[in-house]
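The block underneath contains the structure these notes are about, expressed in C-alpha cells.
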Amino acid sequence: MNPFWTMSANASRKRSDAEDRSGVGEQRGSPTRASLGKKQLPSVPKNAVPVTKHVSPAVASPPANGTHASYGPFYLEYSLLAEFTLVIKQRLPGIYVQPSCRSALMWFGVIFIRHGLYQDGVFKFTVYIPDNYPDGECPRVVFDIPVFHPLVDPVSGELDVRRAFAKWRRNHNHIWQVLMYARTIFYKINTMEPLNPEAAVLYDKDIQLFKSKVVESVKLCNSHLFDQPKMDDPFAISFSPWNPSVHDEAKEKMFTCKRRPEDHHKGVQVSGLSWVKIHYLAWRARAQRVDLRIEDGSGRLCEK
C-alpha cells in the first residue's frame, strides 16, 4: 500500500471527526472557527422575531374567485370594457344598453319587440353584473316593470337567465349573449319550470286569454315609459313625448346624415331598424353616445 495514501486517508478521517465534534459544540456554545473553504451562518438568537415584508391584504389573501383575483379592479374594468365592445360589435337588433355612471357593474337597457305576441312592446331593464366577473355567476336581468311572461318573475321582474346559462364559463359566455337571450324569450315561449306559473298554464291551455294578458302587460309597460328612471343616474335611459320645438331639428339632421354622398359609390346599405315610433317617442339618450338616424318615410329610428 502506498504510504502517502495511508497518511492522507488517516488525516482526512481525523479531520472529519474533529468537524463533527465542533458541530456539536456550536449547538451548545458559541460558534467555533469554521473549517477552511466553508462558510457558516451564525445561529439564530433566542426569542428572535423574523422580519417580514408588509403585504397589502388584497395581495396576501388567497384569490377566492379565480386566477385573476389579484388583478383586482383593473382586470374587472378591462373585462367589462371588452364585454361592452363586444355588445357594440354584435349590433343586437332592437336592443340598446348603456353602462351606469355610478357603477360599471350595472347596465341600463331597453328592448323593442317588432312582431309576435309582444309586438310594440318597449321593455326597460337593468343588467346586474357580479363583482367577481367573469369568474362568478351569470349576470342578472331585471325588468323595470314585470312583464307577463312564463320566464319573468311577476313580483321582482327578474328574468330566469340561469335557464340558458346554468354555469357561467369565462372566455366562452358573454354579456351580449345574455342580452340576446332576453330578446329571444319574447319570440320563443318556453313554459318549462316557469317563474310565472299562471302565464305558463295560460299559454299551454288558453292561448287567447294569454294573448289578452300580454296585450295588457305591453300597454302597462308603455304607459310607464315616460316615467323618470328608478335610479338617480345620469346615464339611465329615459323617454319623453315628442316635442317638435325640441326634436324637429334633430330629426332633420338625422334625415340629412342618413347616407353621405360618397357612400352611394361604395354600395353602403343602411340596416338596423329599431322600431321606435317617432310620433310619440323620442329617446333622450345623449346624441354624442348613441348615433341614431330616421329611415325616410317610415317614422321609425334606425341604427347606423
Side-chain angles (χ1 to χ4, degrees), residues 83-84 86-98 106-130 133 136-169 172-225 230 237 239 272-277 281 303:
E83 288 292 341
F84 189 69
L86 286 177
V87 171
I88 296 176
K89 290 183 178 180
Q90 291 297 325
R91 295 175 178 262
L92 305 178
I95 301 177
Y96 301 94
V97 290
Q98 174 73 20
M106 183 170 58
W107 294 8
F108 303 110
V110 59
I111 299 178
F112 301 94
I113 305 301
R114 303 174 179 176
H115 56 81
L117 297 175
Y118 293 85
Q119 182 174 353
D120 294 337
V122 182
F123 307 120
K124 292 196 293 183
F125 63 90
T126 304
V127 180
Y128 296 95
I129 305 171
Y133 186 86
E137 297 180 352
C138 60
R140 297 167 49 234
V141 175
V142 181
F143 291 97
D144 290 9
I145 298 178
V147 186
F148 187 77
H149 191 283
L151 303 185
V152 178
D153 190 287
V155 178
S156 65
E158 182 170 357
L159 172 64
D160 185 8
V161 180
R162 294 187 179 182
R163 174 186 299 266
F165 305 92
K167 182 179 181 181
W168 189 262
R169 294 182 292 173
H172 181 79
N173 298 128
H174 300 282
I175 297 180
W176 74 265
Q177 297 171 334
V178 176
L179 299 175
M180 200 62 187
Y181 171 73
R183 174 184 179 271
T184 304
I185 65 162
F186 294 107
Y187 297 101
K188 298 180 180 180
I189 311 298
N190 189 340
T191 59
M192 297 295 294
E193 300 180 1
L195 294 183
N196 189 338
E198 179 188 2
V201 171
L202 290 180
Y203 181 81
D204 291 335
K205 298 183 178 180
D206 194 342
I207 189 64
Q208 295 301 325
L209 183 56
F210 177 82
K211 290 181 179 180
S212 63
K213 291 276 189 179
V214 168
V215 171
E216 294 176 1
S217 179
V218 169
K219 290 181 178 179
L220 177 63
C221 293
N222 290 347
S223 65
H224 290 277
L225 206 56
K230 296 181 179 180
I237 297 177
F239 294 85
L273 202 61
S274 71
W275 209 256
V276 181
K277 296 183 178 179
L281 292 181
E303 182 184 7

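None of the values given here were measured: they were computed from a predicted structure.
Between D160 and Y181, the shortest heavy-atom contact is O-OH, 3.1 Å. Considering all non-hydrogen atoms of both residues, L202 and L209 come closest at CD2-CD2, 3.5 Å. F239 approaches L225 most closely through the heavy-atom pair CB-O, 3.7 Å. In terms of heavy-atom proximity, K167 sits nearest to N173 at O-OD1, 3.7 Å.
Not counting sequence neighbours, R183 has no partner by the side chain to side chain donor-acceptor pair (under 3.5 Å) test. With sequence neighbours left out, E193 forms a side chain to side chain donor-acceptor pair (under 3.5 Å) with no residue at all. Residues passing the side chain to side chain contact (heavy atoms under 4.5 Å, CB included) test with P194, sequence neighbours excluded: P150, A200. Residues meeting the side chain to side chain donor-acceptor pair (under 3.5 Å) test with S156, sequence neighbours left out: D153. Residues satisfying the side chain to side chain contact (heavy atoms under 4.5 Å, CB included) test with E83, not counting sequence neighbours, are L86, W107, Y133, H174, I175.
The salt bridge (charged side-chain N to carboxylate O under 4.0 Å, His left out) pairs that include a residue from residues 198-223 are E198-K213, where partners are two or more places apart or lie in different chains. Among residues at least two apart or in separate chains, salt bridge (charged side-chain N to carboxylate O under 4.0 Å, His left out) pairs with a member in residues 140-151 are R140-E158.
The distance from the CZ atom of F210 to the CD1 atom of I189 is 5.0 Å, given to the nearest 0.5 Å. The distance from atom CD1 of I237 to atom CZ of F108, rounded to the nearest 0.5 Å, is 8.5 Å. Y118 contributes atom OH, which lies 7.0 Å from atom CZ of F148 (distance to the nearest 0.5 angstrom).
The backbone N or O of N222 sits nowhere less than 3.5 Å from a side-chain atom of D120 that would complete a donor-acceptor pair. A donor-acceptor pair under 3.5 Å is formed between the side chain of S223 and the backbone N or O of L220.
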Exercise. Could you walk me through whether V122 and V110 pass the side-chain contact (heavy atoms from CB on, under 4.5 Å) test, one step at a time?
Key: CA-CA 7 Å; V122 182; V110 59; 3.6 Å; yes
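A 4.5 Å side-chain heavy-atom check between F84 and V97 finds at least one atom pair inside the cut-off. In this structure, Y187 and H115 have side chains that are in contact, with non-hydrogen atoms separated by less than 4.5 Å. A 4.5 Å side-chain heavy-atom check between V178 and W168 finds at least one atom pair inside the cut-off. Counting heavy atoms from C-beta outward, V152 and L195 have side chains that stay 4.5 Å or more apart.
With ring centers used as reference points, F143 lies 6.0 Å or more from H149.
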Show every donor-acceptor pair shorter than 3.5 Å between a side-chain atom in residues 123-130 and any protein atom, with sequence neighbours excluded, or say none if there are none.
none

